[in-house]
Amino acid sequence: MAFPQPKPQAPQLPQHLLRTIDCQQGAVRAVRFNADGNYVLSCGSDKSLKLWSVSQGTFLKTYSGHGYEVLDADGSYDNSQICSCSSDKSVILWDVATGQVTRKLRGHAGKVNCVQFNEEATVILSGSIDGTVRCWDTRSRRFEPIQVLDEARDSISSLKVAQHELLTGSVDGRVRRYDLRMGQLHVDFVNSPITCVCFSQDGQCTLSSSLDSTVRLLDKSTGEMLGEFTGHKMKGYKLDCCLSSKDTHVLSCSEDGFVYCWDLVEVCSPLCFKVLNTRLINTFPGEIQLCGGVANANS
Amino acid sequence: NMARDDDGDEDFVTFGTALEPLEDGRPLRKPIPLHEQTVKDEKGRYQRFHGAFTGGFSAGYFNTVGSKEGWTPSTFVSSRQQKADKHHARPEDFMDEEDFGEHGIAPRQITTSLEFSSSRRDEAAERAKAVGAQAALIPGDTLLEELISPAKSSIGVELLRRMGWREGQGVGPRVKRKPRRQQQAGGTKAYGCMLPPAGSEDSEDEYEEFAPDNVTFAPKDVTPVDFSPRLGVQGLGYRGLDPGLALLGRGADEHIDLFRPQSESRSRLFGDARSSVRRGGVAGQAFGVGALEDDDEDVYHRDSMSRYDTVLGGEEPGDGLFGWTAPQQYTKKKDKSKDASYLGKILEGFTLAQNPPEEKVIFPPPALPSNYRPVHRFRPQVDVSRLSGVSPALAQALKTSRGHMIKEDPQQEGRHQLDSGQRRTMLGEDALKGETHSSGFYAGSDVDICMDHHLFRCDLRPAENKSQVAKQDLLVGVAPPPSGLQQQQKVLAAWRGSNASTQTFKPFEKTPSKQARYDLYLDRLRQGDTDALEQSLDQTMTEWERSREREEFVRASVLYRPSSSSLSSRFTSAKHKEDEDSVEVNRDEEGDVDDKQNAVKMKMFGKLTRETFEWHPDKLLCKRFNVPDPHPGSGVVGLPKVKRDKFSVFNFLSVMESREMAGGSTQGVLVSEQSHGLDLQSSEKKTAGDEEEQQEEDEEQEEEESRPSMDLFKAIFASSSDEKSSSSSEESNDEEDRKDKEEGKTDLQPANLFTITTSSVTTSSVTTSSVTTSSVTTSSVTTSSVTASSVTTSSVTTSSVTTSSVTTSSAITSNSHTGAGCSAHPTACVRVRVCVCVCVCVCVCVCVVENLSSSLLFPGAASYQKSAQEELEFGPKLPPPSTPAGEHRPPPSSTIIANTSTARLLSR
């Protein structure tokens, strides 16, 4: 006889701090999980990119080759490659095992804020302060980007790729969604510089945080606002926001050092929990893990 | 043959001509009899064997000499008159021609003459010898000399000798001989009888060791490579067992090399002192075992195959590189003498280096400190003026050396220190809501450095940029004429003191003289000349032309006023202008920002804030994303763009409309104010039907607002469909106009002019003018003011359609002030008539603006005249009037009706 399945537990908010890693690379500009969540990449302001194991918290490898502080990184789906971007206007594709620079892509006119692989790691997309998103081909040896998306009128602050869609947030206060399948560009006007954008896990909504201390959940297809989350403080720093793994909660960093957490449906007073000097967060299915990037150097 | 006999079936490859097979049964052939054995000479003549002793053949003429008759002695005839010349008989005279042949007794062939034969003939020496022979013991005998004369030496040896070579020396430059290493240092112990050491000449080297440095020696002679003929029956390269080696008793377990590539003598040639240990004594199985010796197991020596080579060539002695010139690290040898053994491998034409090149030491670059930042900071500039103790000359020198010593503007920060807000104000953009410190994106001590990398967004859309300016200008342009002066003041303020080099834009490049005047004007502006405009104009031109140019200059200087230096330094002028008259404009313009801002304020996200554009991803990008190309076959990448005229009204239309919609029309107010003064009565007279008409048209306008260009087309061409109905209002309006004119005591129009203006197209466009104006002002009052313009100037009103909303309507009102302007220029009316056929409205527009600018000092008109001219060029490209709304094309008859109705009204 079959026992009934245990009732699925309601998703819970993170209860305790799992681990704190002292990266020792100055201010940490970004922390990113790899595709399966077992490893963490930390982008330091000392020009280095470091790979950590999540389970043990051990240091695995340093990727050095950037000329200035590393601003963002992303791992490929097969964990064989890493791309990272830096203030030195370059995007670097790394080989994970050897730590060697596979390709160094130059072309942006300013520092590169965000970088992302597409699903199959065939294209690297990088958004820069020069207002362009450049699509680099990892398959060919061309040094020019495949395409330059220069629709934004100010710096690109955030960039996400999901299947055939590309979501960019720009300081000009617009969230742009490029739909490659439809061949359309959808522009949502938010009227405040966007700091972070992301897709919901079900792919129906977009989440965008902006410098008016608001996180907005917008319907992807129509652009209507489904939820507005306030209470935190985001006035001048590029802090991340995200949805939890089952789209139950909205999380956002705040300038007061807390991570704010809202229930997606009941938009009421936010729960918040303090992570020391948290700047960046990232979630991963199964367990919500928070990466605390320590903003002040030498700590 | 033998093989064939043995095995008849097999086929063999045969070379040469096989002999006839011997047949056993057949008897041998008969020997050829003697008389059949004939010999022929080379000419085919039979030769008989002649004379057993001489061994020769028959000679002469039938074995005679000389003639048929036989040998006849030559007769000696000599007379007093004819002396017989001396006849010297030579041996050749007595020889047959066969004797000169190859096998004759005196063969004639090309041989080395004595001159060049091995011993050189010395004439002087011979003569001396001859002289000496005379005085010799036995006269004419040089026996003694011949006895001691040397063997003949070749000319090569002779040459070498003359060059200083001596027997026994090597050939080549003299060398300094290095002290040889003691090769037989330890010496080998010799037991028993042993061959002398191989290098016997080494003994003489021993004393050469101590030769002083400054003495050079001739090189050692080399014995030539010995190409000894093969005498044995072994194959090539095979040497066979050397009995000498066997006698010397090589070790039995030693490898027997039958294919020694180089002979013993050859190796000696290269100075290869073989250090093979030779054991003395006689040993080996060939000699058997003595009776006293115990070890007899060697008697039946078993030879193992491992001692022999099984492969030709076999293992290369040495590096195993097989002659490849591998990198140095692989071929590096410590021992130099070992290198010499590789001589055979050195490529032809190359020699071993005497002094190996020194190894380059590569120093690693210094390790950068972890806190190193690749940003160069310039030292703060020394403010010379503040240095107290510096002489003026030094200050001047400092100033010139540093280029820009003193900051021009202490308040103005460097471009790196600007934040987005300052940039925005520079660029004239509207402020974003919320905090917009993009500099704050990065925290802590790095903020200032981050700021260094801030860049301006340089590619602001040109259309938008201009439209910003245009917006301002429109507002100014609508204002009453005194604002023209204000504008001049403004221009003056903008241009005063600006850097001359920043002026790169040449608006009147097509007419150089005009451009020159414009440049002059700008120069004066920079100098702060308040009278700049008047002075720079050409006084020889007519007043009308001058006034037109005046407007243009002011316009141009406002439009292209110098931006602040920090901003303009970020831009460079384009190197290649593709098409000067057109700009690339995004096909789908972004909608109004104000609307969206309001929507965001009201939290009405959705339709109001969402905009969707057609976007073309790159083909390769689609491929990489595993997505089919959404727009197959389109060569466009990114947002589709359209080429438009640079100063086309269409570029500004959308902005202006939105402006009207959002902010309330300033211009409309102005116009209505003016019109209030004009026709209060007429507005009262307005019928209810007229107002309804107005509302309908307004609705139409609102529907079509999304596409400004189409809207315009419809406004021009489509609205004439309801011309009949509107014409009634037209008539009433026209009538009112006329009445107004009469009341206002303005100049009455001549009758003939009136007839011109009532041409069909003008009438229809009058209607359209009312349509557009209504859309712009959205007040019935304004419309009335427009319609209040006199019938005679209705041709002028038509122009308002093409010159878009604001200016035109104001132009209309202004024109209503002075209708005389039109009457003063009958040419304008003529042009109206000419242009009726195709793009009437456009041409009319041109005329109107010309009129306006001539008659009035109206600031707004000039720039729009320009745009109108652009329109005129653009005209043929426009679709024919019927295309936007083909079914609405007014039939000529209707227009005639309209005319007649107008006429009827007037006559009333």
Side-chain angles (χ1 to χ4, degrees), chain A residues 27 45-46 67-69 87-88 109-111 118-120 122-123 129-131 135 137 139 146-147 149-151 153-155 157 164 171-173 178-193 195 210-212 216 218 222-225 228 235-238 279 295-297, chain B residues 370-371 373-375 420 429 432-446 449-450 453-455 457-461 590 593 596-597 599-601 603-618 620-631 637-639:
Chain A
S45 56
D46 68 340
Y68 205 18
E69 53 183 14
S87 286
D88 64 359
K111 58 180 180 181
N118 74 335
E119 215 168 15
E120 294 177 335
T122 52
V123 178
I129 199 166
D130 65 1
C135 312
D137 194 356
R139 291 285 172 85
I146 304 173
Q147 190 174 359
L149 316 176
D150 55 354
E151 280 76 31
R153 296 199 218 151
D154 208 333
S155 165
S157 57
H164 59 274
V171 181
D172 64 4
Y178 297 88
D179 193 331
L180 269 90
R181 197 183 283 278
M182 299 296 292
Q184 281 178 329
L185 162 64
H186 305 279
V187 182
D188 285 321
F189 186 75
V190 179
N191 199 24
S192 176
T195 57
S210 53
L211 285 188
D212 53 357
R216 292 184 179 87
L218 301 177
T222 62
E224 285 164 18
M225 190 163 73
E228 190 177 32
K235 292 280 184 197
Y237 292 88
K238 181 188 179 301
R279 282 193 58 235
N296 28 356
Chain B
S370 63
N371 58 352
R373 305 211 182 280
V375 178
S420 63
E429 286 179 344
L432 293 172
K433 302 296 177 288
E435 286 295 320
T436 58
H437 285 293
S438 54
S439 64
F441 271 25
Y442 300 102
S445 59
D446 298 328
I449 300 158
C450 293
H453 292 278
H454 268 287
L455 281 181
R457 286 282 292 121
C458 294
D459 53 343
L460 276 174
R461 282 151 212 193
E590 199 188 336
V593 180
K596 290 186 199 160
Q597 283 174 347
V600 169
K601 261 183 210 160
K603 299 192 176 175
M604 286 169 64
F605 284 89
K607 265 186 188 172
L608 291 174
T609 57
R610 161 65 62 100
E611 266 176 316
T612 302
F613 302 102
E614 188 182 320
W615 176 69
H616 295 250
D618 194 276
L620 186 60
L621 195 64
C622 291
K623 202 173 154 190
R624 292 278 182 265
F625 272 81
N626 280 333
V627 163
D629 195 348
H631 307 286
V637 171
L639 294 177

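Chain A is the first sequence line, chain B the second, and so forth, proteins listed ahead of strands; every chain is numbered from 1. Here the structure is a predicted model, which means the values were calculated and not measured.
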Exercise. Where do B/Pro374 and A/Tyr68 come nearest, in terms of heavy atoms and distance?
Worked result: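 The answer is CD-CD1, 4.0 Å.
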
Exercise. Heavy-atom distance under 4.5 Å to chain A: side chain of B/Val637, backbone, both or neither?
Worked result: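 Both backbone and side chain of B/Val637 come within 4.5 Å of chain A.
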
Is it the side chain or the backbone of [X] that comes within 4.5 Å of chain B heavy atoms, both, or neither?
X	result
A/Asp88	neither
A/Leu149	side chain
A/Glu119	neither

Measure the shortest side-chain to side-chain distance between [X] and [Y] over non-hydrogen atoms and say whether it is less than 4.5 angstrom.
X	Y	result
B/Phe605	A/Asp188	no
B/Pro628	A/Arg181	yes
B/Pro617	A/Leu180	yes

Exercise. Would you find a donor on one side and an acceptor on the other, under 3.5 Å apart, between the side chain of B/His631 and the backbone of A/Gly183?
Worked result: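 Yes.
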
Exercise. Would you say the side-chain atoms of A/Gln147 pair up with the backbone N or O of B/His616, donor to acceptor, closer than 3.5 Å?
Worked result: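 Between the backbone of B/His616 and the side chain of A/Gln147 there is a qualifying donor-acceptor contact (under 3.5 Å).
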
For this session: Start with the C-alpha distance between B/Phe625 and A/Val123, add both sets of side-chain angles, then the distance that settles side-chain contact (heavy atoms from CB on, under 4.5 Å), and finish with yes or no.
Result: CA-CA 8 Å; B/Phe625 272 81; A/Val123 178; 4.1 Å; yes

For this session: With side-chain contact (heavy atoms from CB on, under 4.5 Å) as the test, would you mind laying out the steps for A/Glu151 and B/Trp615 before giving the verdict?
Result: CA-CA 10 Å; A/Glu151 280 76 31; B/Trp615 176 69; 4.2 Å; yes

For this session: Could you tell me which of B/Leu608, B/Asn371, B/Val627, B/Asp618 has the largest number of non-hydrogen atom pairs under 4.5 Å with chain A?
Result: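 Ranked by contacts with chain A, first place is B/Asp618.
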
For this session: Report the C-alpha separation of A/Asp137 and B/Arg624 in whole Å, then their side-chain angles, then the decisive distance to 0.1 Å, and conclude whether the side-chain contact (heavy atoms from CB on, under 4.5 Å) test is met.
Result: CA-CA 8 Å; A/Asp137 194 356; B/Arg624 292 278 182 265; 2.5 Å; yes

